[in-house]
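Here the structure is laid out as structure tokens; the discussion comes afterwards.
For the numbers below, each heavy atom of this structure counts, side chains included, while hydrogens, waters and symmetry mates do not. Residue numbers begin at 1 in each chain, while the letters A, B, ... track the order of the sequences.
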Amino acid sequence: MNQMPEHPLERFLRMDRIPHIWCSGCGIGTAVTCFMKALDEAEIDPDKVVVVSGIGCTGRVAGYVKFDSFHTTHGRAVPFATGAKLANPELTVIVFSGDGDLFAIGGNHFIHAARRNVDIKVFCINNFIYGMTGGQVAPTTPLGARTSTSPYGCFEPPFNLPYLAESSGAVYVARWTPLHIRRLTHSMAEAITKKGFSFVEIVSPCPTVYSRYNRLGDGLDMIKYYRDNCRIENWADTKNVPMEMGSEIVVGKFVDIDKPTFLDYQRGQTDGK
Amino acid sequence: MEVYNKGIRKSFETQPHYRDETSILTGEHFWQGDIAIAEGAIAADCRFFAGYPITPASEIAERMALRLPYIGGVYIQMEDELASMAAILGGSWSGVKSMTATSGPGLSLMLENFGLGIMTETPCVIVNVQRGSPSTGLPTFFAQADMMQARWGSHGDYEVIALAPDSPQECFGLTIKAFNLSEKYRLPVFILTDGLVGHMTEKVVVPPPDEIEVFPRRKTQKPPDQYLPYQPEDDLVPQMANFGEGYRLHSTGLTHDERGYPDMTIEAQDKLIRRLINKIRTNVDDIIMVEEQDLEDAEVVVVSYGVTSRVVPLAVEKARKEGIKVGQLRLLTVWPFPEERIAQIAEKAKAWVVPEINLGQMVREVERAVGKASKVVPVSHAGGDVHDPDDIYKVITEVIQ
């Protein structure tokens with residue numbers, strides 16, 4: 001009998017941990033597939049890749065990928081990654097985490113890492129809600145959206161993440177959805193090879209809590225929504241890409257610039273002095 | 001003359017720059033305790049420091065910022081102490097010995113990721129230069145009131161190692177020791193000093209590099225396909241693999257099995273937590289350091305640590321001149337607590353006196369170790385100054401009656 005051929009991405013996954021915990025229709029799995037393909041495209045030595053996650057649904061990514069991977073406390077993936085990168089600059093350090101982890105409890109770390117231009121890559125699944133804890137309001141929840149802790153609709157305007165990343169100092173900023181698998185993969189590969197603080201937002205369906213609270217249907221309905229309502233506008237001014245309930249979603253590569261990193265400055269200012 | 005910022009900067013890529021005359025400043029110096037801590041760290045091969053300014057610990061960060069770029073290291077001032085602690089865990093997993101330094105208010109924040117360091121068994125050193133507290137307290141004055149915070153401040157069950165230097169010379173030596181213990185037992189180790197020792201300036205002798213013992217990382221010799229990141233050795237400590245060495249390991253703050261994978265079972269929790277505790281408890285003889293004086297005939301024993309140990313001899317000498325048989329026990333290791341040794345001494349001693357710059361923290365540990373065998377009397381001080389030696393002397397004379 002012939003042996004089953006190995007799946008082309010098995011070498012990047014901890015197959016002994018599969019099946020994963022993500023719900024059917026969730027966008028995280030698709031984003032992880034794009035991430036694996038992006039590493040292939042970027043031709044990075046897998047032994048030199050470090051994946052760091054925080055807490056939450058997306059926080060589990062570090063546990064499934066077969067690289068050096070670290071699952072930190074809630075919100076602290078970015079400073080852990082900062083330390084890992086500065087201590088060994090030959091590593092490619094990627095933070096893969098969710099919107100609540102990166103922008104509520106971890107928000108201060110994100111803006112400071114971007115400001116310093118530490119050479120790490122941050123891939124953020126934005127599903128507008130805290131999924132793992134049962135669907136609470138997040139700093140990305142659209143105004144008026146219902147969650148378990150915003151039963152009368154969210155009272156707070158959300159962050160526009162690409163704008164926050166760019167104004168904090170990120171050298172690469174893009175936004176895609178799990179519908180845009182080729183473009184998302186390519187953006188991730190560009191971010192991985194880019195020198196400096198790079199950010200990719202992946203707007204992602206959460207059929208189990210966000211869609212249920214807001215009557216948005218299942219995972220497929222959300223993908224159809226992205227097909228009908230996403231507008232690709234590369235180099236869009238990030239000021240102009242906020243998302244609202246039921247609004248158009250502007251996707252694309254928004255920022256790709258070159259700036260010295262933290263270590264470039266440290267070396268430049270201490271060499272031979 | 002010091003040579004710390006002379007010559008060519010050396011980076012990780014060009015040259016691992018560990019043990020030479022620019023990194024270890026062999027000779028005699030007149031240093032603050034804080035500076036001696038930074039130099040001790042460098043002598044122990046620390047090459048990554050992430051911190052946040054706070055009185056009275058800022059001089060440690062300042063020294064590291066000055067020194068590290070020229071000896072192949074990196075200094076970074078993080079946005080807060082939560083980030084500082086997370087960053088040194090990351091630095092350690094990338095294979096570089098890492099340290100942070102703070103005072104009580106900052107330690108409160110660091111204790112979050114201290115717990116992550118305990119759970120993931122990450123070697124690193126945290127310095128707490130204690131000041132008057134709680135809250136903002138007395139920033140420019142000192143105290144010894146974080147002893148229990150360091151022991152119990154993160155959530156859950158665990159054991160800690162904490163060392164308490166009482167002079168700049170000891171700041172240098174015990175910081176090296178702290179790094180060695182952190183690598184040997186794979187956990188974040190505390191230096192618990194205080195603002196007076198941190199700012200006290202005294203002679204510090206730095207030995208030649210070959211006389212400084214440095215415990216290397218316990219790197220696995222197994223190939224990646226046979227290596228389990230949390231499989232313990234005989235002393236209950238697992239061997240380590242750094243990021244980027246081809247082991248592609250996983251580590252998590254969740255309860256995990258020997259593969260490092262999350263394991264949400266009662267059995268896994270029991271096995272892991274007991275091992276994390278027992279790797280310290282079964283090795284206390286190797287970890288604990290105390291200094292004893294005049295204990296052979298002692299009827300009264302004065303127990304002290306840190307800066308209080310500098311005051312105690314004045315009170316003890318006065319009492320001994322009057323014929324009172326009083327001895328001294330100084331704790332260089334405050335955690336784990338030397339309870340077995342104290343219980344031994346308590347078989348003969350009649351009374352115990354415990355001066356400390358708090359309202360009674362380590363005295364409870366002394367009471368627990370002594371049991372009902374003899375009397376234990378605290379000499380408390382709320383902070384901002386050392387004890388008047390006469391206050392300790394008075395308690396010694398009263399307790400013997």
> Between A:Phe70 and B:Phe243, how do the two ring planes meet: parallel, tilted or perpendicular, split at 30° and 60°?
Replying inline: perpendicular

>> Which residues in residues 152-160 of chain B have any heavy atom closer than 4.5 Å to a heavy atom of chain A?
In response: none

> Does A:Ala62 offer a backbone N or O that forms a donor-acceptor pair with the side chain of B:His250 under 3.5 Å?
Replying inline: yes

> Which heavy-atom pair separates B:Gly73 from A:Gln266 by the least distance, and what is that distance?
Replying inline: O-NE2, 3.5 Å

> Are the side chain of B:Arg248 and the backbone of A:Lys66 linked by a donor-acceptor contact shorter than 3.5 Å?
Replying inline: yes

> Considering only heavy atoms, which portion of B:Thr120 lies under 4.5 Å from any heavy atom of chain A: side chain, backbone, both, or neither?
Replying inline: side chain

>> Given heavy-atom pairs under 4.5 angstrom as the criterion, report whether the side chain, backbone, both or neither of B:Ala50 touches chain A.
In response: neither

>> Within this structure, what is the CG-OG1 distance for the pair B:Leu116 and A:Thr73, rounded to the nearest 0.5 Å?
In response: 5.0 Å

>> Nearest 0.5 angstrom please: B:Tyr70 OH to A:Thr270 OG1, how far?
In response: 5.0 Å

> Between B:Ile88 and chain A, which part of the residue has a heavy atom less than 4.5 Å away: side chain, backbone, both or neither?
Replying inline: neither

> What part of B:Asn242 is in contact with chain A, defined as an atom under 4.5 angstrom from a non-hydrogen atom: side chain, backbone, both or neither?
Replying inline: backbone

> Does the side chain of A:His71 come within less than 4.5 Å of B:Pro262's, by heavy atoms?
Replying inline: no

> Shortest non-hydrogen contact from A:His109 to B:Glu79?
Replying inline: ND1-OE2, 2.8 Å

>> Within this structure, what is the OG1-CD distance for the pair A:Thr72 and B:Glu112, rounded to the nearest 0.5 Å?
In response: 8.5 Å

>> Using a 3.5 Å distance criterion without hydrogens, assess whether the side chain of A:Asp47 forms a donor-acceptor pair with backbone atoms of B:Gly244.
In response: no

> Given that the side chain runs from C-beta out, which part of A:Arg115 has a heavy atom under 4.5 Å from chain B: side chain, backbone, both or neither?
Replying inline: neither

